[in-house]
Amino acid sequence: MNLPKISPFLLGVLLLTSCHVFRSSELQVAVSHTRSEGSNRLENVHRLLTQRGIEHKRILFRYEVSERPIVAPTSTSTFALGETPMAFLPKRSVTRERSGILYRDDEHRGYAWWYVDGETPRQVWLPNDTMERQISFAMRRRIELLRVEEFDRAVDGMAKEAAKARHVAAANSVIDWNARFRRAHGTDFDAASPVDLAKMRALKGL
């Protein structure tokens, strides 16, 4: 029996699928859930990724599509659509713009980059390539990048600010033992006095 030959590309896809390389990670599930909430889908995803400190990029790009305009008939060449006669013009190229987000999911380091927008039904895995080629891969057509906002370094800055805020809060929560000693004994604490040292240890429960 002659078995059909399998191309290397198809064989690779089958192996990746069988190994569950592209199974949804916890982050991908969270992105999908967040995108489904509210009307401003991409802003919700951006907020989620920023809060988690995930490297991501917001992009704006444009691409061309072919469409066939429909207009009122101007000749005998018409087409009945329901009860309204319509005329179909030849196809023409139209430029459209779209926004999207690329984010990094390190659960599968060899397949880390993913694309999501408000129109594409599913998140799209992206190969390791230039950003323009990555988006062309996701859209299945050539695109032109118009704007790119990167949030890797910005996230680092936010993390530093959060750490600074935690440090300030911890410093403010330090117990003022001198004030407690004064309230407990009616005198200021004298570090040179053995009696005051003993009282302070007792106050601290040491």
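When all heavy atoms of Leu60 and Ser99 are compared, the pair lying nearest together is CD1-OG, 3.5 Å. Counting all heavy atoms, side chain and backbone alike, Arg41 lies closest to Gly118 at NH1-O, 3.2 Å. Contact detail for Ala138 and Tyr115: the closest heavy-atom pair is CB-CD2, 3.9 Å. Residues Asp106 and Ala112 come closest through the heavy atom pair OD1-CB, 4.2 Å.
Note that the CD1 atom of Ile135 and the CG atom of Asp129 stand 11.0 Å from one another [nearest 0.5 Å]. Atoms CG and CH2, from Leu102 and Trp114 in turn, are 12.0 Å apart once rounded to the nearest 0.5 Å. Rounding to the nearest 0.5 Å gives a distance of 4.0 Å between CD of Glu55 and CH2 of Trp113. The CD1 atom of Ile143 sits 14.0 Å away from atom CZ of Phe137, with the distance rounded to the nearest 0.5 Å. For the atom pair CG of Leu145 and CD1 of Ile59, the computed distance is 6.0 Å after rounding to the nearest 0.5 Å. Atom NZ of Lys199 sits about 5.5 Å away from atom NE2 of His185, to the nearest 0.5 Å.
Residues passing the salt bridge (Lys or Arg N to Asp or Glu O under 4.0 Å) test with Arg96 are Glu67, sequence neighbours excluded. Taking Glu107 as the reference, Arg23 meet the salt bridge (Lys or Arg N to Asp or Glu O under 4.0 Å) condition, with sequence neighbours excluded. Remark: Thr187 pairs with no residue by the side chain to side chain donor-acceptor pair (under 3.5 Å) rule, at least two apart or across chains.
With respect to Thr50, the side chain to side chain contact (heavy atoms under 4.5 Å, CB included) criterion is satisfied by exactly one of His46, Arg52, Arg47: His46.
Pairs engaging residues 110-121 under the salt bridge (Lys or Arg N to Asp or Glu O under 4.0 Å) rule: Arg98-Asp117, Arg98-Glu119 [sequence neighbours left out]. Among residue pairs with one or both ends in residues 134-145, those qualifying as side chain to side chain donor-acceptor pair (under 3.5 Å) are Arg62-Glu144; sequence neighbours excluded.
Side chains of Phe61 and Met131 form no contact here, defined as non-hydrogen atoms less than 4.5 Å apart. At least one side-chain heavy atom of Gln28 sits under 4.5 Å from a side-chain heavy atom of Tyr103. Looking only at side-chain heavy atoms (C-beta outward), Phe151 and Leu49 stay at 4.5 Å or farther from each other.
Hydrophobic clustering, with ILVMFWY side chains joined whenever heavy atoms are under 4.5 angstrom apart, groups Val116 together with Val148.
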Worked verdict on Asn178 versus Asp188 for side-chain contact (heavy atoms from CB on, under 4.5 Å): CA-CA 7 Å; Asn178 289 336; Asp188 291 334; over 6 Å; no
If you apply the rule side-chain contact (heavy atoms from CB on, under 4.5 Å), what do you find for Lys57 with Arg104, and how did you get there? CA-CA 9 Å; Lys57 305 170 186 180; Arg104 185 176 182 85; over 6 Å; no
Applying side-chain contact (heavy atoms from CB on, under 4.5 Å), run through Met200 and Asp190 and close with a yes or a no. CA-CA 10 Å; Met200 181 63 81; Asp190 182 3; over 6 Å; no
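Under a 4.5 Å side-chain heavy-atom cut-off, the cluster of Ile, Leu, Val, Met, Phe, Trp and Tyr residues that includes Val29 has no other member.
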